[in-house]
Amino acid sequence: MSEIINVLTNPDSFFKEKMTERIQFKVPTLIVILNALMGAISGYIMTKAILSSAAVGGGFSGAGAIFGAVGGFLGVLVVWPIYTAVFYGLSALFGGEGSFKRSLEFVGYGYIPALLNSIFGLYVINQISDSLQATAANPAQMAQMLANDPMMQVATLVGIIFQLWSANIWIFGLKNARNLNLRGALISVGLPVGLLILYSLITYIGGIA
């Protein structure tokens, strides 16, 4: 537990200490898998709520929900190496040195805030599942509901906060894993994460406009 707290509160010190140890994927893999499980549960609930509408037919909802769960699980697992590859590639522009495996290990720790966000997100999905089912027959109506629902708007803002927290961990993780200065690490992580956050903000502003 103290290790997790150190990652969240003092990531630079945490990763400096980790650089003196051999690469270990046990903890970061567990963190990502827990995120993937949360993604699977959310995918199952959302897909089942949508497909169980009268327009789609309840008989198909069970199988569809399973596919939604599998997609939610695999999606999180796939994004982990993709994020790492993007950070790793951008850091090369700033003279980054260090193995991809070390970067992958450190990026995994940055999923701790995402796990907290997933727990909150699961609560939100449970709250809006009835609305999803009620509007599933009309995609335009469902999109409008998702954009205007206060819970979804709060979830978007909370998600951005936790994404910034993850980015802070990734910055110091990449700084140590790739032997970068803070500026190089900040740009390597901040550019792609900033674009994702910008997209979330545009979606959020569009929803409340």
Original post:
If only atom types and distance count, is the side chain of Ser42 paired as donor or acceptor with the main-chain N or O of Gly39 below 3.5 Å?
Top reply: no
**OP:** Look at the side-chain heavy atoms of Ile, Leu, Val, Met, Phe, Trp and Tyr, link any pair under 4.5 Å apart, and say whether Val154 and Ile161 land in one connected group.
**Re:** no
Original post:
Closest approach of Asn35 and Ser118, non-hydrogen atoms and distance?
Top reply: OD1-OG, 3.5 Å
Subject >> Minimum heavy-atom distance Ala155-Val124, with the two atoms named >> reply: CB-CG2, 4.0 Å
Original post:
Atom CG of Leu186 and atom CG of Asn168: how far apart are they, to the nearest 0.5 Å?
Top reply: 9.5 Å
**OP:** Output the distance between atom CG (Leu191) and atom CG (Leu196), rounded to the nearest 0.5 Å.
**Re:** 10.0 Å
Subject >> Leu182 with Leu93, same ILVMFWY side-chain cluster at under 4.5 Å >> reply: yes
**OP:** Compare all side-chain heavy atoms of Phe14 with those of Thr9 and state whether any distance is below 4.5 angstrom.
**Re:** no
Original post:
How many angstroms lie between CD1 in Ile41 and CD1 in Ile125, if you round to the nearest 0.5 Å?
Top reply: 10.0 Å
Original post:
Minimum heavy-atom separation for Phe100 to Pro81, with atom names?
Top reply: CZ-O, 4.0 Å
**OP:** Just jot down the side chain to side chain donor-acceptor pair (under 3.5 Å) partners of Glu3, sequence neighbours excluded, or say none.
**Re:** Lys18
Original post:
What's the spacing between Asn117 CG and Ser166 OG if we round to 0.5 Å?
Top reply: 8.0 Å
Original post:
Would you say the side chain of Ile112 lies within less than 4.5 Å of the side chain of Trp165, judging by non-hydrogen atoms?
Top reply: no
**OP:** Could you walk me through whether Phe87 and Phe106 pass side chain to side chain contact (heavy atoms under 4.5 Å, CB included), step by step?
**Re:** CA-CA 11 Å; Phe87 299 157; Phe106 286 2; over 6 Å; no
**OP:** Quick one: closest heavy-atom pair of Pro192 and Leu90, and the distance?
**Re:** CD-CD1, 3.7 Å
**OP:** State whether the side chain of Trp80 and the backbone N or O of Val107 hold a donor-acceptor pair below 3.5 Å, judged by distance alone.
**Re:** no
Original post:
side chain to side chain contact (heavy atoms under 4.5 Å, CB included) between Ile169 and Phe15: does it pass, once the steps are laid out?
Top reply: CA-CA 9 Å; Ile169 295 173; Phe15 290 122; 3.8 Å; yes
Original post:
Do the non-hydrogen side-chain atoms of Ser188 and Phe94 ever get within less than 4.5 Å of each other?
Top reply: yes
**OP:** Determine, step by step, whether Phe162 and Phe120 satisfy the ring pair (Phe, Tyr, Trp, His ring centres under 6.0 Å) criterion, reporting the C-alpha distance in whole Å, the side-chain angles of both residues, the deciding distance to 0.1 Å, and the verdict.
**Re:** CA-CA 11 Å; Phe162 279 109; Phe120 177 72; 8.0 Å; no
Original post:
Do Leu34 and Tyr111 touch side chain to side chain, with heavy atoms closer than 4.5 Å?
Top reply: no
Original post:
Roughly how far, to the nearest 0.5 Å, is the CD1 atom of Ile4 from the CG atom of Leu115?
Top reply: 9.5 Å
Original post:
If you measure from CZ on Phe73 to CG on Leu77, what distance do you get to the nearest 0.5 Å?
Top reply: 4.5 Å
Which atom pairs, donor and acceptor, lie under 3.5 Å between side-chain atoms of residues 173-181 and protein residues at least two apart or in another chain?
{"unit_1": "Lys175", "atom_1": "NZ", "unit_2": "Asp12", "atom_2": "OD1", "d": "3.4"}
{"unit_1": "Asn176", "atom_1": "ND2", "unit_2": "Asp12", "atom_2": "OD1", "d": "3.1"}
{"unit_1": "Asn176", "atom_1": "ND2", "unit_2": "Phe172", "atom_2": "O", "d": "2.7"}
{"unit_1": "Arg178", "atom_1": "NE", "unit_2": "Ser91", "atom_2": "OG", "d": "2.8"}
{"unit_1": "Arg178", "atom_1": "NH1", "unit_2": "Tyr88", "atom_2": "OH", "d": "3.4"}
{"unit_1": "Arg178", "atom_1": "NH1", "unit_2": "Gly98", "atom_2": "O", "d": "2.9"}
{"unit_1": "Arg178", "atom_1": "NH2", "unit_2": "Tyr88", "atom_2": "O", "d": "3.4"}
{"unit_1": "Arg178", "atom_1": "NH2", "unit_2": "Ser91", "atom_2": "OG", "d": "3.3"}
{"unit_1": "Arg178", "atom_1": "NH2", "unit_2": "Gly96", "atom_2": "O", "d": "3.3"}
{"unit_1": "Asn181", "atom_1": "OD1", "unit_2": "Arg183", "atom_2": "N", "d": "3.3"}
{"unit_1": "Asn181", "atom_1": "OD1", "unit_2": "Gly184", "atom_2": "N", "d": "2.7"}

Original post:
Which residue pairs satisfy the salt bridge (charged side-chain N to carboxylate O under 4.0 Å, His left out) criterion with at least one member in residues 103-118, sequence neighbours excluded?
Top reply: Arg102-Glu105
Original post:
Minimum heavy-atom separation for Ile171 to Ala185, with atom names?
Top reply: O-CB, 3.3 Å
Original post:
Shortest non-hydrogen contact from Leu122 to Ile45?
Top reply: CD1-CD1, 3.7 Å
